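A short worksheet on the structure shown next.
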Protein chains: 2
Amino acid sequence: MPRRSNAEAARTRVAIIDRAVQTASIEGLEGVTIGRLADDLGMSKAGVIGHFGNKTDLQRATFHQAQQIFTTEVWERAKDKPRGLPRLSAICEAWIKHVSNSPFPGGCFMCTVATEWDAREGDIHDEVRDSWRLWLKVLAREAAAGRDAGDLPEDSDPDQIAFELNAIAMALNQSLQLFDDRRAPARARSAVRRVLNQS
Amino acid sequence: MPRRSNAEAARTRVAIIDRAVQTASIEGLEGVTIGRLADDLGMSKAGVIGHFGNKTDLQRATFHQAQQIFTTEVWERAKDKPRGLPRLSAICEAWIKHVSNSPFPGGCFMCTVATEWDAREGDIHDEVRDSWRLWLKVLAREAAAGRDAGDLPEDSDPDQIAFELNAIAMALNQSLQLFDDRRAPARARSAVRRVLNQS
DNA sequence: CCTACCGATCGGTAGG
DNA sequence: CCTACCGATCGGTAGG
């Protein structure tokens with residue numbers, strides 16, 4: 001028997017997750033606590049957790065929301081480019097823009113959460129790992145298409161290119177967050193250019 | 001009035017920090033709690049915190065210990081090489097070995113803590129930032145010496161090289177921790193070779 | 001370095 | 001979605 005309509009409840013759920021994403025981008029998914037969310041939103045703890053059941057499911061929902069934002073801002077903006085090098089270049093540029101002008105206060109959510117969970121065990125670790133792996137595969141697939149089209153050298157290793165592009169994105173996020181280095185986006189673009197022109 | 005001798009107390013302090021470094025490499029410095037350390041070491045909470053005063057100073061001491069291990073394993077093993085490219089190459093190789101065969105259960109301590117604190121505020125953030133900055137300066141200084149000696153192209157940008165080498169180290173750690181990818185060290189070496197031969 | 005304690009907060013539940 | 005509660009754990013202190 002909900003005291004609010006389904007539509008209202010759905011809006012509340014969205015508000016909770018939005019707030020959780022903000023907090024998690026700064027302090028990680030473990031920094032998201034039910035009591036703090038309740039305080040921030042002017043709700044009771046029971047009202048918050050009632051939407052998710054338990055904390056792990058709330059963390060999972062938070063991660064999914066951040067994942068979707070990443071997909072929208074990076075993949076969606078590049079997917080209509082021709083496959084291969086043009087699409088891969090567009091992905092990198094959208095990625096750099098996403099990290100440099102982050103929708104989250106703590107910078108790249110995926111970077112924060114990947115490092116937070118890389119050595120832990122459990123469902124969240126597995127989801128983070130699988131979604132990163134998938135993303136690296138997307139990069140490698142486009143690199144392979146670019147190589148096959150002759151836009152990248154014949155002896156290019158798609159997985160190596162994916163590794164290096166990923167490395168650049170992480171370093172960009174670190175330089176921006178930890179050092180507040182405004183030259184970091186230019187460095188990242190320069191590094192991407194080297195990887196895509198010379199690999 | 002200590003109930004143990006100074007030497008015994010010093011040994012206890014070392015044991016506490018060692019244990020804290022282990023935990024922090026997996027769960028971050030915020031995962032280090034006084035009660036858990038006390039449990040793990042068969043001590044009382046008061047016995048643990050008495051060595052440090054408060055939790056922040058315990059975290060600081062933990063970070064310093066990890067920093068020292070990093071310096072010993074990476075810098076100390078390369079510092080006797082001739083400055084410039086030989087030393088920079090030796091640093092990268094020692095760095096890759098350090099990350100690949102980590103003395104900590106959760107992989108590269110510095111990577112974990114840098115990401116954990118990059119968007120937070122306070123003393124620990126400042127210490128992490130300053131020590132990373134110093135390390136990037138060491139890399140850039142050697143790159144500059146290598147360029148001046150003619151071992152790197154005249155138009156090399158030392159800070160760009162430092163940025164890219166740092167990126168590789170972080171991606172190596174991620175690939176090992178998150179994906180358990182045994183080919184990651186070879187990928188890192190290949191990437192380093194490209195940066196140092198072609199920049 | 002211990003026991004015994006403090007107030008605050010954690011995740012979560014019962015009942016409405 | 002709320003109030004009122006639960007046991008566990010948090011950082012930390014007093015006193016020995």
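Letters A, B, ... are given to chains in the order of the sequence lines, protein chains preceding strands, and every chain is numbered from 1. Just so you know, these numbers come straight off a predicted model, no measurement behind them.
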Candidate nucleotides [options], ranked by approach to the side chain of [X] - the nearest:
X	options	answer
B/His51	C/dC1, C/dT13, D/dG11	C/dC1
A/Ser44	C/dG12, C/dT3, D/dC1	D/dC1
B/Ala46	C/dG12, D/dT13, D/dC2	D/dT13
B/Thr12	D/dC2, C/dC1, D/dT13	C/dC1

Do the ring centers of B/Trp135 and B/Trp95 come within less than 6.0 Å of each other? yes

Aromatic ring proximity A/Trp75/A/Phe70, centre distance under 6.0 Å: no

Using atom [atom1] of [X] as one end and atom [atom2] of [N] as the other, report the distance to the nearest whole Å.
X	N	atom1	atom2	result
A/Asp39	C/dA8	CG	C1'	12 Å
B/Asn54	D/dG11	CG	P	11 Å
A/Ile49	C/dC10	CD1	P	12 Å
B/Asn6	C/dC1	CG	P	11 Å
B/Ile34	D/dG12	CD1	C1'	7 Å
A/Leu41	D/dC2	CG	C1'	15 Å
A/Lys45	C/dT13	NZ	P	11 Å
A/Phe52	C/dG11	CZ	P	13 Å

Check every strand shown and say whether A/Thr33 touches a base, only sugar-phosphate, or nothing at a heavy-atom separation below 4.0 Å. sugar-phosphate

Would you classify A/Gly50 as touching base, sugar-phosphate or nothing, given that sugar-phosphate means primed atoms plus P, OP1 and OP2, and contacts are heavy atoms under 4.0 Å? nothing

Whether the B/Glu127 and B/Gln67 side chains hold a donor-acceptor pair (N or O, under 3.5 Å, no angle test) is what I'd like checked. no

Test item: side-chain donor near acceptor, A/Gln22 and A/Asp40, under 3.5 Å: no

Tell me which nucleotide, if any, is Watson-Crick or G-U wobble paired with C/dG15 when both distances must be under 3.5 Å. D/dC2

Given the rule that I, L, V, M, F, W and Y join up when any side-chain heavy atoms are under 4.5 Å apart, are B/Ile161 and B/Leu85 in one cluster? yes

